[in-house]
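The block underneath contains the structure these notes are about, expressed in structure tokens.
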Amino acid sequence: MTLNPKQQTQAWQSLDAAHHLHPFTDNGELNQKGSRVINRAEGVYIYTPEGQEILDGMAGLWCVNMGYGRKELIDAATEQLNTLPYYNLFFQCTHPPATELAARLTSLLPEHLNRVFFTGSGSECNDTVVRMVRHFWASQGQPQRKAIISRHNAYHGSTMAGASLGGMKPMHAQGGLPLPDIHHIDQPYPFGEGQGQDPQAFGLERARQLEAKILELGPENVAAFIGEPVQGAGGVIIPPASYWPEIQRICRQYDILLVSDEVICGFGRLGHWLGCEHFGVKPDLVCMAKGITSGYVPLGAVAVGDRVAEGLLKDGGDFNHGFTYSGHPVACAVASANLALMEQEGILERIQQHTSPYLQKRWAELGDHPLVGEARGIGMVGALELVADKATGARFDEKVGAGTLCRDFCIECGLVMRAVGDTMIISPPLVITESEIDELVARARRSLDLTWQHLKG
Ligand code: PMP
């Protein structure tokens, strides 16, 4: 018997409920509702089996930067699967896709980043960073330098080290986190935590918490500071211009390694290969994933600056760390094809000159909506702060669930927009066109109207 699309969806939903545990989900609750099945995608749109077209305002999970259905990436994967579907990089072996990608990647990155360590994901990059920076300092005769400083409400992944570096309280509440020697300072979130203050002064105040924390722990005990140039999963939190230069100054003054987590901000999201370039920051280590392959296959990479790399090459001996899928050949081949495609299409110039200014202009217009306390954005990300009182910026009671309500209306209107509490965020594919941006903004406005009517009605 052939099933019609609705029956097919229900069949998948019941198998899903019976056998599949979803990430970051109350699975009991989801099983009652049934999961949303997506079975096809093209360009910036995803589709349900029943044919509903949804504009993917989040590029999957901030990763499908070059859009869905790119033949160049599919062909690169197919060719590599036919040639060498797997081999490892342990035991003194290498293979062309990893070598070529390492060379290509470092040629695009700032001058002092000349080496990469491959992983399978962003979380694995951050686990690698924790072990690498501690091993580096030990190799330099400073084994006591173990402390790593991060920020509250940062997101650095879901493994034990990634979630510890992250500053998500609900994650720390499960599984006995954070791990020892990981510390958090406050985030540079002007709308959420700096209301009524001069943004630049607020940025400096937040950066100087790093200095205070270093002095509290003793600079001789601190290995590194880690941060996302713009916090993504925390709610598209854009630091004031004063923040990153001050962080850089403090790291240099106390000889603390600076790690930029570019898992979201890298590969064009802020209009540069790395987001830190936008802020003029020169990190010692860089974590990359997601957009490196446009999400088509899993891959992560840690770029290692000359100082750390040369210290490790000279004094480090074996680095007892690595993954079966470190530098998987298919993932590396797709990443190289993805970087080539980005260059061929001049995507960075297109974002800087056209797409980002247009997206930000249209997005800012949503700031006039009675539900929106702030519409902000940078590069190819944006956020809307939903508020109960536009004049004072007062939030809704948490129990109202305004963000979740808005997110559900967005889906009804054919748009994926994510809710982080009552902050609505977007991160569309970088290849989005102006008319698709118009569509995105129109669907977002319709969803805001429906949310407003519901809350006021
Ligand atoms: N770092 C950042 C900044 C991220 O946004 C994410 C994922 N959203 C991660 C690390 C973890 O990456 P993954 O899910 O690939 O492990």
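Whatever order the structure lists them in is the order used to number ligands and atoms, beginning at 1.
In this structure, the separation between CG on Asp26 and NZ on Lys33 is 9.5 Å, given to the nearest 0.5 Å.
Atoms of ligand 1 found under 4.0 Å from any heavy atom of Ser121, numbered from 1 in the order shown, are 15 (O), 16 (O). Every atom of ligand 1 is numbered from 1 in the order shown, and the set under 4.0 Å from a heavy atom of Lys290 is 5 (O), 6 (C), 7 (C), 8 (N). Listed by number with element, the atoms of ligand 1 under 4.0 angstrom from any heavy atom of Glu228 are 3 (C). Residue-ligand proximity, Ser123 to ligand 1, at heavy-atom distances under 4.0 Å covers atoms 11 (C), 12 (O), 13 (P), 16 (O). With ligand atoms numbered from 1 in the order given, ligand 1 contributes 1 (N), 10 (C) to contacts under 4.0 Å with heavy atoms of Asn126. Taking a cut-off of under 4.0 Å to the non-hydrogen atoms of Asp261, the atoms of ligand 1 that pass are 1 (N), 2 (C), 3 (C), 10 (C). Which parts of ligand 1 touch Ile264 is read off a 4.0 Å heavy-atom cut-off, strictly below it: atoms 5 (O).
Below 30°, between 30° and 60°, or above 60°: for Tyr325 and Tyr86 the angle between ring planes is above 60°, a perpendicular geometry. Ring geometry for Tyr45 against Tyr47 counts as tilted: the plane angle lies between 30° and 60°, on a 0 to 90° scale.
Between the side chains of Thr293 and Asn338, no donor-acceptor pair of N or O atoms lies under 3.5 Å.
Given atom 2 (C) of ligand 1, the protein heavy atom at minimum distance is Tyr155 O, 3.3 Å.
Under a 4.0 angstrom heavy-atom cut-off, Leu61 registers as lying outside contact with ligand 1.
At under 3.5 Å, a nitrogen or oxygen of Gly122, whether backbone or side chain, sits near a nitrogen or oxygen of ligand 1.
A salt bridge is defined here as a Lys NZ or Arg NE, NH1 or NH2 lying under 4.0 Å from an Asp or Glu carboxylate O, and Arg70 with Glu42 fails to meet this definition. We find that Arg249 and Glu211 are joined by a salt bridge, their nearest charged nitrogen and carboxylate oxygen being less than 4.0 Å apart.
You'll find the side chain of Val259 stays beyond 4.5 Å of the side chain of Phe225, heavy atoms only.
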